[in-house]
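Here the structure comes first, spelled out in structure tokens, and everything after it is commentary.
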There are 2 protein chains.
Amino acid sequence: MNLKQLSELLQLSQTTVSRALNGYPEVAEATRRRVLEAAQRYGYKPNSNARKLATGRAGSIGYVLPVGRNVDLDPHFVEFLSGLGEHALTREVDLSLTPAPRERESEAYRRIAASRSVDGIYLSSMRNDERRIALVRELGLPFVAHGRSLMPAEGYAFVDIDNEGAFHDAARLLLQLGHTRLAFINGDTDFTFAVHRLDGVTRAMAAHGLPAETLKHHSAAMNEDNGYRLAMMLFRDADAATRPTGVLSASMFMTLGIVRAFNQLGLKMPQDVSIITHDDVFPFLKPESFTVPLSTTRSSIRAAGARICERLVNIITGAETGEVQEIWPVDLIVRASTGPAPSARKPGRRGAEQAAE
Amino acid sequence: MNLKQLSELLQLSQTTVSRALNGYPEVAEATRRRVLEAAQRYGYKPNSNARKLATGRAGSIGYVLPVGRNVDLDPHFVEFLSGLGEHALTREVDLSLTPAPRERESEAYRRIAASRSVDGIYLSSMRNDERRIALVRELGLPFVAHGRSLMPAEGYAFVDIDNEGAFHDAARLLLQLGHTRLAFINGDTDFTFAVHRLDGVTRAMAAHGLPAETLKHHSAAMNEDNGYRLAMMLFRDADAATRPTGVLSASMFMTLGIVRAFNQLGLKMPQDVSIITHDDVFPFLKPESFTVPLSTTRSSIRAAGARICERLVNIITGAETGEVQEIWPVDLIVRASTGPAPSARKPGRRGAEQAAE
DNA sequence: CAGTTCTTTCAAAGCGCTTTGGGAAAACGG
DNA sequence: CCGTTTTCCCAAAGCGCTTTGAAAGAACTG
């Protein structure tokens with residue numbers, strides 16, 4: 001059933017039927033009802049490709065899905081996608097994923113732009129030397145970034161969280177609790193968020209008179225394995241008097257590994273070591289559900305997805321000019337994994353004064 | 001730059017240019033080169049909507065993305081998507097996600113079908129009373145299912161793993177090791193895979209003369225919390241002489257919670273309790289990376305994604321008729337989390353003969 | 001060399017929708 | 001009651017591509 005058939009059936013022109021269906025005012029209410037009813041009855045749905053061609057609007061937003069060797073789409077993505085989808089639903093837009101290996105990424109963006117298959121795209125996993133911003137702008141593709149680049153760029157739309165502030169606050173708390181030997185198990189510093197987080201930690205240390213060099217900083221892909229490996233490296237052979245007492249972790253997955261290492265080494269939280277983790281709010285893995293509930297810097301990645309979709313749609317429809325740069329504050333939530341530095345208590349009897357849970 | 005402009009520039013008809021670009025034979029080699037070069041130089045890319053309209057092919061495969069309250073897209077999805085994307089890349093198709101709340105799911109399928117926005121779709125998270133198969137078939141939408149329904153249906157294309165066999169083998173191993181009190185922490189039994197797994201376990205028990213009622217079976221959404229909660233329920237107040245000694249777990253996320261409960265209760269693997277988990281092969285969370293490496297039934301969900309994309313493309317292009325039902329075997333991999341049942345050794349000295357690691 | 005077959009190109013007709021620019025009928029105003 | 005405005009509907013022109021059917025010219029035939 002197409003428009004022509006429907007209009008013949010109704011003894012109306014295609015114009016009128018189209019207008020009735022799309023809510024234009026210049027059609028009599030009685031006619032509109034008749035049209036809507038017939039459309040409903042015969043199950044007429046406009047062909048989306050024809051409509052896209054005629055209007056020039058695609059009704060969908062795009063994303064270049066990184067695939068290939070060494071590219072692990074991580075669980076963050078699915079949470080983000082959930083948020084995006086939730087908002088997309090309310091605006092009746094679809095999501096179009098174009099798979100591309102990283103080395104042919106820019107080609108993918110060009111193709112998307114030239115083929116007009118989407119109305120706008122979102123960028124995520126922003127890197128320090130982000131070239132995509134200049135690229136998509138040059139291509140005239142409306143976009144919103146999740147995160148931001150370190151490169152200077154004229155006002156472009158992004159939604160980011162205050163990674164610097166979050167990790168500053170987290171580090172400051174540890175310092176206030178008397179920790180002076182800090183470790184930071186960070187994500188890959190090719191990504192801007194990891195750089196910002198490091199900045200936050202060093203700023204807090206500087207404010208406490210600690211030089212940045214005293215921070216044990218390691219960065220790697222955020223998974224369980226790396227968390228374990230780096231924690232082992234930091235703690236296995238380290239003397240209790242020199243090893244870190246405060247650890248910052250960039251993700252719950254890393255923390256899973258870190259906690260595993262601690263268990264294996266017999267280190268107790270928070271008696272021997274305090275930890276604060278960034279929590280992206282996964283429904284399937286919660287910081288309060290650790291044997292020792294984790295203190296976290298918390299920011300919902302799902303909420304960010306929804307917001308980005310919202311803004312992207314606004315930019316596409318012209319309701320927003322697209323230069324607003326949002327930086328969301330991050331909550332610091334204290335749970336049992338943080339406590340006073342062991343050196344602040346009697347040395348040599350670490351943990352003894354606190355009952356095991 | 002569109003086809004008309006390009007053809008005028010080249011002093012050729014649109015027909016010829018279009019044919020040259022699409023590799024039709026009836027165009028002179030010299031002309032083709034000239035066209036390709038010009039297209040390259042002026043950055044001509046065909047408008048995808050126009051092409052879709054003209055050909056009737058969408059060049060993309062669809063998926064109805066469940067969103068809304070209580071719907072957590074879980075990390076399985078992202079792995080599956082990775083696989084799908086990897087293959088989609090090689091066939092130059094995009095993925096189109098249509099978000100829909102579960103109660104308006106069928107409407108979404110209808111819209112997709114009527115609007116011809118995709119060439120085919122894949123279905124996942126198959127339920128026992130799956131209605132989508134009949135629906136999409138009625139709609140004439142080519143599809144491949146990941147998993148299968150319990151409902152009888154004439155040959156439709158699916159890719160599934162041998163959940164029954166996997167859990168049968170896992171349960172049999174535990175039984176062979178002398179475990180007689182088994183527990184199964186299963187996924188939601190609305191989903192077919194969970195039913196199949198339960199079937200496998202009970203079959204193995206029956207073969208060992210154990211009635212199905214003796215199995216402690218609990219099913220819930222597969223996350224850390226539920227794993228913890230159910231393990232606590234099973235073990236917290238249970239007598240060592242009556243509590244389960246062998247546990248089967250439906251997912252790594254549940255097992256995270258189960259292990260947490262064991263740690264808290266002081267239960268050692270495998271001395272006090274053996275565990276076998278299903279592993280979907282997440283790159284970010286590996287069974288060998290647990291303090292006690294986990295025995296698993298293993299099947300890559302990513303590989304399934306790639307295969308489903310492949311078959312879907314084949315069905316769309318007519319290279320496959322679409323009635324093949326693939327059931328993949330599942331590996332049973334034994335690691336340190338399984339051992340002989342404690343009752344098989346001296347009672348009262350549980351675990352003492354094995355050094356703590 | 002006339003007749004036939006290939007090769008190469010083209011004009012034009014869709015694909016199914018939206019939107020422009022009218023135009024007829026109905027309602028209104030004086 | 002006639003001119004003007006408003007209401008409602010329509011024919012036709014795109015949107016940018018693919019594909020059909022035909023034609024012109026080149027290359028074979030015998």
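Computed from a predicted model, the values in this text were never measured in an experiment.
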Report the C-alpha distance between B:F158 and B:F143 in whole Å, list the side-chain angles of each, state the deciding distance to 0.1 Å, and finish with yes or no for ring pair (Phe, Tyr, Trp, His ring centres under 6.0 Å). CA-CA 9 Å; B:F158 69 69; B:F143 72 99; over 10 Å; no
With 3.5 Å as the limit, what N/O pairs link the protein to nucleotides 20-26 of chain C?
none

side-chain hydrogen bond (donor to acceptor under 3.5 Å, both in side chains) pairs, two or more places apart, involving residues 103-114 of chain A: A:Y109-A:R132
Residues passing the ring pair (Phe, Tyr, Trp, His ring centres under 6.0 Å) test with A:F193, sequence neighbours excluded, are none
Applying side chain to side chain donor-acceptor pair (under 3.5 Å), can you list everything that pairs with A:E310, at least two apart in sequence or on another chain? A:R307
Enumerate the residues from residues 27-47 of chain B whose closest heavy atom to DNA chain C is under 4.0 Å, giving them by residue number; use none for an empty result. B:V27, B:A28, B:T31
Earlier contact from the 5' end, DNA chain D, for A:T55 and B:N22: A:T55
If the condition is salt bridge (Lys or Arg N to Asp or Glu O under 4.0 Å), which residues does B:R33 pass it with, not counting sequence neighbours? none
Salt bridge (Lys or Arg N to Asp or Glu O under 4.0 Å) filter on B:R116, not counting sequence neighbours, yields none
Residue pairs fulfilling side-chain hydrogen bond (donor to acceptor under 3.5 Å, both in side chains) with at least one residue in residues 140-153 of chain B, sequence neighbours excluded: B:R148-B:D160
Check DNA chain C against residues 89-99 of chain B and give the residues with a non-hydrogen atom under 4.0 Å, in numerical order. none
Which pairs pass ring pair (Phe, Tyr, Trp, His ring centres under 6.0 Å) with one or both residues in residues 10-52 of chain B, sequence neighbours excluded? none
Nearest-angstrom distance from the residue atom OH of B:Y24 to P of C:dC10: 17 Å
Please identify the 5'-most and 3'-most nucleotides of DNA chain D with any atom under 4.0 angstrom from a heavy atom of chain B. D:dG16 to D:dG21
Partner residues of A:R19 under the side chain to side chain donor-acceptor pair (under 3.5 Å) criterion, sequence neighbours left out: none
Is it the case that B:T16 and B:S13 place a side-chain donor and acceptor less than 3.5 Å from each other? yes
